[in-house]
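This report concerns only the one structure given below.
None of these values were measured; they are calculated from a predicted model.
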Amino acid sequence: MEEQRIRRGGPPMRWGHGPPWLNRWDEERAVRWPWRSTVLLTVFVLTGSNFAAHAQEGERAALDLFARVLLLVAAGQLLWRLRYPVPVVFGTAATVAVYLGAGYPYGPVLLAVAVACFSAVVAGRRRAAWAALGMLWAAHVLVAHWLYRWLPPSGDGPASWGQEIVIATWVVAIVALSELARIRREQWARERAERAQAARRRADEERLRIARELHDVLAHSISVINVQAGVGLALLDTDPEQARTALTTIKAASKEALGEVRQVLDTLRTSGDAPRAPAPGLDRLPELVEQAASAGLTVAVEGEPPRLPPGTDLAAFRIVQEALTNVVRHSGSRYARVHLDHTAGALRLRIDDDGPATGADAGGSGNGLAGMRERAAALGGTIEAGPRPDGGFRVLAVLPLTAQKENR
């Protein structure tokens, strides 16, 4: 079951939505410094700038010690890009602006700005990234069209506006790719959260189902055991044979309860597999009547159950079982009626007793009616339970023959 992927006693596990590199990037962002990527980028910028200098020889100033220091600073700042994205994107843009203003060749140094911008946008610092790129582009325009007269290389002329359009396009492309990465990352984060929430919800529903099943299994059998234990104690000295019969009933009821509890536990151990034993249904209604009789309750059954889906059949059986258990526990009547009727695509179960209520504490959990309502609601049905006008108590369940929500 997917809900088993939730850690017990802790937060839910991370869900691996999105590409693996993004999940590794998230983990690296939280606990590590990006040493390897920064070193690789620095080597690439330094090496690539040498080739760019040869290609632009005569057009731009040659690389000297100051240029290499600027390249090293621009790329080295990326080591802090995950922890301090805003200072890094502004620092990188300012360093590259100085580098280009000094007349050094265009080249891989612009990649440092692109990576810093990407990190800032993905970290949610969008305005800072835009402002840094805008500052870099404005500095380039100022240098290329006004300050070039006083800056190296000597004899340099104004840059063409076509070149500015290319640079502006490059800036827009960086922003667009960064925004796309941010949107996709947020989408994957939402999907992870939704999957984790859905798994928690399924786990809660499964725990509720198991609790309800165990309650229904144990409540009936323990009620029978409780009644028969009282009979056995009362007759132990005066009627040993009847006391023996009560003890025999206790043994049979406890054995059946153990068997049903084992069946519930088996469904937990064999996740995704079919249960080893069929779930109880209304075909076991005669056994239920016999068990009630052993607790001193006479049950009359009217009507024949139709063929039902497994989930509906189990819910109908448990509802009748819990209703009869409540009669044994809380009613002074020793007679109950179970009426079954199926018309208009629905099964109607009516369980009546003539009362009166004993008012005694029978040791129940008080969750019986709530469990019946949950079972009926899970199938799209309803439960009505309450005192009858002429005395006694009635439980009326209406279950659709085609369960709408059986496989939730």
Side-chain angles (χ1 to χ4, degrees), residues 212-235 242-261 263 279-305 313-341 347-369 371-372 375 383 385-388 391-397 399:
R212 186 170 57 235
E213 194 71 15
L214 288 174
H215 172 273
D216 292 348
V217 167
L218 295 176
H220 179 77
S221 298
I222 291 176
S223 295
V224 173
I225 292 171
N226 181 57
V227 171
Q228 291 300 320
V231 171
L233 287 173
L235 300 177
Q242 187 64 29
R244 183 187 299 275
T245 302
L247 290 174
T248 303
T249 303
I250 289 174
K251 180 180 179 180
S254 60
K255 180 179 179 180
E256 180 180 358
L258 286 173
E260 294 204 32
V261 169
Q263 180 181 343
L282 290 180
D283 57 333
R284 290 182 52 185
L285 197 53
E287 297 179 27
L288 201 58
V289 171
E290 183 179 347
Q291 292 170 7
S294 65
L297 179 67
T298 301
V299 180
V301 179
E302 303 171 358
E304 293 292 331
D313 206 15
L314 173 62
F317 177 82
R318 293 300 188 204
I319 288 171
V320 174
Q321 184 182 53
E322 179 62 27
L324 295 179
T325 300
N326 287 341
V327 175
V328 172
R329 283 178 171 175
H330 307 295
S331 176
S333 174
R334 297 296 87 191
Y335 182 78
R337 295 176 299 281
V338 177
H339 180 78
L340 297 92
D341 182 29
L347 171 67
R348 294 171 60 87
L349 293 170
R350 190 177 73 241
I351 302 94
D352 292 295
D353 71 88
D354 297 329
T358 61
D361 183 6
S365 64
N367 295 321
L369 289 176
M372 286 193 285
R375 287 186 182 276
I383 287 282
R388 291 168 22 196
F393 197 85
R394 169 173 291 173
V395 174
L396 176 62
L399 304 177

Close side-chain approach of [X] to [Y], heavy-atom, < 4.5 Å:
X	Y	result
D353	L297	no
I383	L369	no
R388	D354	yes
L285	V299	no
L314	R375	yes
L340	L349	yes

Restricting to non-hydrogen atoms, name the atom on Y335 and the atom on A300 that form the minimum distance, rounded to 0.1 Å.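 That would be OH-CB, 3.3 Å.
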Could you report the tightest heavy-atom contact between R334 and V328, atom names first, then the distance?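 That closest heavy-atom pairing would be NH2-O, 3.7 Å.
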Checking R348 now: which residues fulfil salt bridge (Lys or Arg N to Asp or Glu O under 4.0 Å) with it, not counting sequence neighbours?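 Here no residue qualifies.
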Inter-residue atom distance Q321.CD - E287.CD, 0.5 Å rounding: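 Separation between the atoms: 10.5 Å.
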Value rounded to 0.5 Å, distance of OG1 in T325 from CZ in R318: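 Reported to 0.5 Å precision, the distance equals 10.0 Å.
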Passing option when D352 is tested against R394, H339, R337 for side chain to side chain donor-acceptor pair (under 3.5 Å):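 Among the candidates, only R394 passes.
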Taking atom CD of E304 as the centre, report whether more than 12 heavy atoms of other residues, nucleotides or ligands fall under 6.0 Å from it.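 It does not: E304 CD has 12 such atoms or fewer within range.
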Evaluate V338 against L288 for side chain to side chain contact (heavy atoms under 4.5 Å, CB included), listing each step before the verdict. CA-CA 11 Å; V338 177; L288 201 58; over 6 Å; no
